[in-house]
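Structure, as structure tokens:
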Amino acid sequence: MTQAVIAATGLFTPEQSISNAELVAAYNAFADRFNADHAGEIEAGSVEPLTHSSVEFIEKASGIRSRYVLDKAGVLDPERMRPRLPERGNDEISVLAEMAVKAARDALARWGKPVSEIGAVICAASNMQRPYPAMAIEVQQALGIEGFAFDMNVACSSATFGLKTAADFIASGSVRAVLMVNPEICSAHLNFKDRDSHFIFGDVATAVIVEAADQAVDGWEILGTRLKTVFSNNIRNNFGFLNSAAVETGASEPVAADGITDKLFVQQGRKVFKDVVPMVAEMIVDHARDLGLDPAELKRLWLHQANINMNELIGRKVLGREPTAEENVIILDDYANTSSAGSIIAFHLHQDGFAPGEAGLICSFGAGYSAGTVFVRKRA
């Protein structure tokens, strides 16, 4: 089998960002408006009043301080509370593909080789802009890449599942190089009217080029990949044309007190924490040992950026001690949770300081439940 190597990575970060203070001010204005509009129902006890959010609450619950978004004004408008992302014509590049192309071009520039050497494109993300044509095929066309392309969705684990798929293509000899992109417009699926989750997500796109080792210049040897899924309703996004059709036909549909349907992102955070942390920590340790690696000796962990409490606890369980900031990379304070792209952002921004032969872990976990581990070693 041909060894696979992560040859280059790329990142696209939107220009606009929202601080916790800005987000809290918008949410609290919305909550005050809602409570005033429903004062009689609240007094009668038929409607629960909305309580204020706070910067302190957000940082304690998540470690997030800000997030990048494609549209700041729409999110911060108390009368709207969602981004304005105008629909584009079919003859224009889609928003998701445009983000992916920008991240891909960054990766290609770092790689330094022509796109003609790419044989496949994978778009691995939690929320696709449309069912078909595949976003990956649109990216393929925009970059002038031959071969084949397809989309895959495993929620927040999409990138590690994509890396596994790319490495398998290399190992089988199907292609010599794969471009994987992870465009995430999470702000379009987040319920900004929900105090418990209005702060979680940001927008971003990442890209990774996986290449056959015998033609790679340097990069990161992929030592092993492992995937795991366990069904759970504790993280869910019901948006889809079949569910949306219920609205048009007048079918019964659950609606929250503030008028928001259940078709956006929802989660039971405490249950997710309790279920996912031990599952992921055990998976990492078992996979490391099967590869002949001592998990305590890993130089760096590039974990999915869910929330700081999950990441810190997984880091302690894997390393058997309190990790340093350099060992357990956290980028969600600036980027927030960017779904599948989070672990790739961490890897892209913090892969310095490695000597040849030193190993680290790219790991993601999320809805499904799903989890993926990708152990890498710095090449000479």
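Everything numeric here is computed off the predicted structure, so don't read it as measured data.
Under the 30°/60° scheme for interplanar angles, the aromatic rings of Phe30 and Phe34 are found to be tilted.
Under 4.0 Å is where a charged nitrogen must lie from a carboxylate oxygen, and between Lys228 and Glu282 no such pair does. Under the 4.0 Å criterion applied to side-chain N and carboxylate O atoms, Arg226 and Asp286 are not assigned as salt-bridge partners. Comment: Arg377 engages Glu221 in a salt bridge, judged by a side-chain N to carboxylate O separation of less than 4.0 angstrom. One finds a salt bridge joining Arg110 and Asp106 here, because a Lys/Arg side-chain nitrogen approaches an Asp/Glu carboxylate oxygen to under 4.0 Å.
Centroid-to-centroid, the aromatic rings of Tyr27 and Phe199 stay 6.0 Å apart or farther.
Residues Leu76 and Glu22 meet the side-chain proximity criterion, which asks for heavy atoms closer than 4.5 Å. Val266 is not listed as a side-chain neighbour of Ser197, based on a closest heavy-atom distance of 4.5 Å or more. Using a 4.5 Å cut-off on side-chain heavy atoms (C-beta onward), Thr2 and Arg176 make contact. Residues Arg105 and Leu143 meet the side-chain proximity criterion, which asks for heavy atoms closer than 4.5 Å. Contact check for Arg88 versus Ile93: side-chain heavy atoms found under the 4.5 Å cut-off. Using a 4.5 Å cut-off on side-chain heavy atoms (C-beta onward), Cys156 and Ser340 make no contact. Side-chain contact between Ile58 and Ser53 is present, with at least one heavy-atom pair separated by less than 4.5 Å.
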Ignoring hydrogens and angles, write down the donor-acceptor pairs under 3.5 Å from the side chains of residues 316-325, residues two or more places apart or on other chains.
residue, atom, partner, partner atom, Å
Arg321, NH1, Glu327, OE1, 2.9
Arg321, NH1, Glu327, OE2, 3.2
Arg321, NH2, Glu327, OE2, 2.8
Thr324, OG1, Glu326, N, 3.4
Thr324, OG1, Glu327, N, 3.1
Thr324, OG1, Glu327, OE1, 3.3

Contacts table for residues 354-369: side-chain donor-acceptor under 3.5 angstrom, sequence neighbours left out:
residue, atom, partner, partner atom, Å
Glu358, OE1, Ala355, N, 2.7
Ser364, OG, Thr160, OG1, 2.4
Tyr369, OH, Ser232, OG, 3.4
Tyr369, OH, Asn234, ND2, 2.9
Tyr369, OH, Asp275, OD2, 2.8

Margin query: The test is side chain to side chain contact (heavy atoms under 4.5 Å, CB included); show your working for Asp203 and Tyr68 and say whether it passes.
Written below: CA-CA 6 Å; Asp203 302 334; Tyr68 292 96; 5.7 Å; no
Next item on the list: Evaluate the salt bridge (charged side-chain N to carboxylate O under 4.0 Å, His left out) criterion for residues Asp168 and Lys164: first the C-alpha distance (whole Å), next the side-chain angles of each, then the deciding distance (0.1 Å), finally the verdict.
Entry: CA-CA 6 Å; Asp168 287 349; Lys164 163 71 169 170; 3.6 Å; yes
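Here Phe347 pairs with Trp220, Trp302 under the ring pair (Phe, Tyr, Trp, His ring centres under 6.0 Å) rule; sequence neighbours left out.
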